[in-house]
Amino acid sequence: MCIATITALYADETIVSVFEKSYEETDLQLCLRKGLEKLNVDLKSEIPAEKLSVIHFILKNTFENNIHKMRGEEGNRVYTKETGEEAVFDKDGKLVTNDWNKGSFNFGSYEKPIKKFELDIWPWLVWGNTRADPTTFDERFYYYIMDLDFGIQEYIFLEDKAKLEKIDYADLDETAKLVYCFFDYLLFNKNYEFDLSAGSIEKYKEDATDYWKYLAQLLKLAGYK
């Protein structure tokens with residue numbers, strides 16, 4: 001989808017509408033909390049263990065690919081060292097150095113996906129790649145959903161879901177709980193017609209038509225047409 005066609009829906013509060021001016025925030029945890037409160041997310045209710053496991057798995061399989069292809073740079077390829085350094089090369093093999101797509105240092109790891117979102121993805125969504133990054137929250141979040149799509153599909157086609165890592169809500173710190181609340185709202189929204197229940201997943205595996213309707217719900221909830 002061309003960035004020029006992405007339009008936020010401001011009739012009701014959406015993820016984009018509550019976080020569009022988040023770059024003004026200096027406290028990332030408070031920023032996330034205030035945004036979730038504006039979205040009327042219940043921050044006091046404990047998220048069921050099975051949902052925590054699914055969110056954890058999906059984020060663990062959501063890699064930084066599309067978020068380095070913004071503003072038409074579809075040929076960019078991302079390379080990341082185990083130590084965290086990241087480099088992006090364009091379709092001609094040249095190092096990408098612009099402020100919106102170039103590589104950055106990653107403080108988190110995919111093995112600890114909630115912490116990675118907290119340390120790397122959320123700061124990028126709020127503030128951009130650099131101080132000179134001209135992209136907006138709605139641009140960045142759209143491309144992040146495009147990466148999240150691959151994590152969701154990995155979960156859908158996971159054969160043995162009983163082996164998902166168990167997460168104990170009581171062991172989570174305050175920021176981790178907020179991150180899980182954010183993705184519970186996005187992935188398991190109670191107003192969705194198409195969901196991630198076992199029955200729906202079997203249908204998605206047989207025919208992707210309804211899966212794209214599920215993904216369209218995420219985009220609409222986020223604030224995109």
Side-chain angles (χ1 to χ4, degrees), residues 1 3 6-10 12-41 43 47 55-56 58-60 62-71 73 76 78 80 84-86 88 96-110 112-149 151 172-187 189 218-224:
M1 181 185 294
I3 283 295
I6 299 176
T7 305
L9 304 175
Y10 295 104
D12 300 304
E13 291 284 26
T14 65
I15 292 172
V16 167
S17 68
V18 300
F19 291 115
E20 62 180 337
K21 292 185 179 179
S22 55
Y23 59 85
E24 299 174 350
E25 300 283 353
T26 56
D27 186 324
L28 288 171
Q29 184 192 75
L30 182 60
C31 173
L32 182 54
R33 172 178 289 278
K34 290 195 307 185
L36 291 172
E37 288 172 347
K38 287 182 181 179
L39 292 167
N40 296 315
V41 175
L43 301 180
I47 300 171
I55 292 168
H56 185 275
I58 289 173
L59 293 190
K60 192 173 183 178
T62 297
F63 302 108
E64 299 177 44
N65 292 311
N66 284 289
I67 66 174
H68 290 285
K69 297 179 179 181
M70 294 192 293
R71 299 201 167 185
E73 298 180 19
N76 289 354
V78 184
T80 306
E85 294 92 343
E86 187 177 69
V88 181
V96 174
T97 59
N98 62 56
D99 288 288
W100 54 97
N101 280 332
K102 70 179 182 180
S104 60
F105 186 86
N106 290 309
F107 296 95
S109 70
Y110 292 111
K112 297 182 178 180
I114 304 303
K115 182 62 69 173
K116 177 170 181 58
F117 183 84
E118 175 190 339
L119 296 177
D120 295 325
I121 303 301
W122 185 240
W124 167 75
L125 285 170
V126 172
W127 293 324
N129 206 13
T130 70
R131 290 181 181 273
D133 187 343
T135 61
T136 58
F137 180 92
D138 65 326
E139 287 181 74
R140 296 190 289 271
F141 193 59
Y142 173 80
Y143 278 93
Y144 179 70
I145 292 178
M146 294 302 99
D147 281 330
L148 190 67
D149 167 37
L172 302 176
D173 61 30
E174 189 62 27
T175 303
K177 289 178 180 177
L178 291 174
V179 172
Y180 274 112
C181 282
F182 179 82
F183 284 100
D184 181 46
Y185 176 79
L186 180 64
L187 297 172
N189 197 279
L218 268 69
L219 289 165
K220 184 176 181 180
L221 185 76
Y224 307 110

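This is a predicted model, so every value here is computed, not measured.
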| query | So Tyr224 and Asp138, side-chain contact (heavy atoms from CB on, under 4.5 Å) or not? Walk me through it. | reply | CA-CA 9 Å; Tyr224 307 110; Asp138 65 326; 3.9 Å; yes
| said: Quick check for you: to the nearest 0.5 Å, what is the distance between Leu28 atom CG and Glu118 atom CD? | reply: 8.5 Å
| said: How close do Glu64 and Glu86 get, counting heavy atoms only, and between which atoms? | reply: OE1-OE2, 3.1 Å
| side-chain contact (heavy atoms from CB on, under 4.5 Å) with Ser22: which residues, sequence neighbours excluded? | Phe19, Cys31, Val126, Phe137
| Verdict with supporting geometry, Phe183 and Leu148, side-chain contact (heavy atoms from CB on, under 4.5 Å) | CA-CA 11 Å; Phe183 284 100; Leu148 190 67; 4.2 Å; yes
| Quick one: side chain to side chain donor-acceptor pair (under 3.5 Å) partners of Trp127, sequence neighbours excluded? | none
| Closest heavy-atom contact between Ser104 and Asn129? | CB-OD1, 3.7 Å
| query | Which heavy atom in Arg71 sits nearest to a heavy atom in Trp100, and how many Å separate them? | reply | CB-NE1, 4.0 Å
| Do Ile15 and Phe182 touch side chain to side chain, with heavy atoms closer than 4.5 Å? | yes
| query | Who passes salt bridge (Lys or Arg N to Asp or Glu O under 4.0 Å) against Asp120, sequence neighbours left out? | reply | Lys116
| request: List the steps and the verdict of side-chain contact (heavy atoms from CB on, under 4.5 Å) for Ile121 and Leu59. | output: CA-CA 11 Å; Ile121 303 301; Leu59 293 190; over 6 Å; no
| said: To the closest 0.5 Å, what do you measure between CG (Leu221) and CG (Leu39)? | reply: 7.5 Å
| Gap separating the OH atom of Tyr143 from the CG atom of Asn66, nearest 0.5 angstrom | 8.0 Å
| Residues that Asn65 engages under side-chain contact (heavy atoms from CB on, under 4.5 Å), provided they are two or more places apart | Phe63, Val78, Asp147
| field | Closest approach of Glu73 to Asn98 (non-hydrogen atoms, all atoms of both residues) | value | OE2-ND2, 2.9 Å
| message | For a side-chain contact (heavy atoms from CB on, under 4.5 Å) check, start with the C-alpha distance between Asp149 and Ile145, then their side-chain angles and the critical distance, and finish with the verdict. | response | CA-CA 6 Å; Asp149 167 37; Ile145 292 178; 5.7 Å; no
For residues 172-180, please give each side-chain donor-acceptor pair under 3.5 Å, one per line with the distance, not counting sequence neighbours.
unit_1: Asp173; atom_1: OD1; unit_2: Thr175; atom_2: N; d: 3.2
unit_1: Asp173; atom_1: OD1; unit_2: Ala176; atom_2: N; d: 2.8
unit_1: Glu174; atom_1: OE2; unit_2: Arg33; atom_2: NH2; d: 2.4
unit_1: Thr175; atom_1: OG1; unit_2: Gln29; atom_2: NE2; d: 2.5

| remark: Tightest non-hydrogen contact, residues Leu119 and Pro123, listed as O-CG, 3.3 Å
| From Tyr110 atom OH to Thr62 atom OG1, the distance as rounded to the nearest 0.5 Å | 9.0 Å
| query | With Asp184, which residues qualify under salt bridge (Lys or Arg N to Asp or Glu O under 4.0 Å), at least two apart? | reply | Lys51
| query | Sequence neighbours excluded, which residues qualify as side chain to side chain donor-acceptor pair (under 3.5 Å) partners of Glu37? | reply | none
| request: Sequence neighbours left out, what passes side-chain contact (heavy atoms from CB on, under 4.5 Å) with Lys38? Give chain and number order. | output: Val18
| Taking only residues two or more places apart in sequence or in another chain, which ones pass ring pair (Phe, Tyr, Trp, His ring centres under 6.0 Å) with Tyr185? | none
| request: Output all residues satisfying side chain to side chain donor-acceptor pair (under 3.5 Å) with Thr130, sequence neighbours left out; order by chain, then residue number. | output: Asp99
| task | Sequence neighbours left out, what passes ring pair (Phe, Tyr, Trp, His ring centres under 6.0 Å) with Tyr23? Give chain and number order. | result | none
| If you take all heavy atoms of Pro113 and Lys60, which pair is closest and at what distance? | CB-N, 3.5 Å
| By salt bridge (Lys or Arg N to Asp or Glu O under 4.0 Å) - contacts of Glu25 (at least two apart) | Lys34
| note | OG1 of Thr136 to CD of Glu20, rounded to nearest 0.5 Å, is 9.0 Å
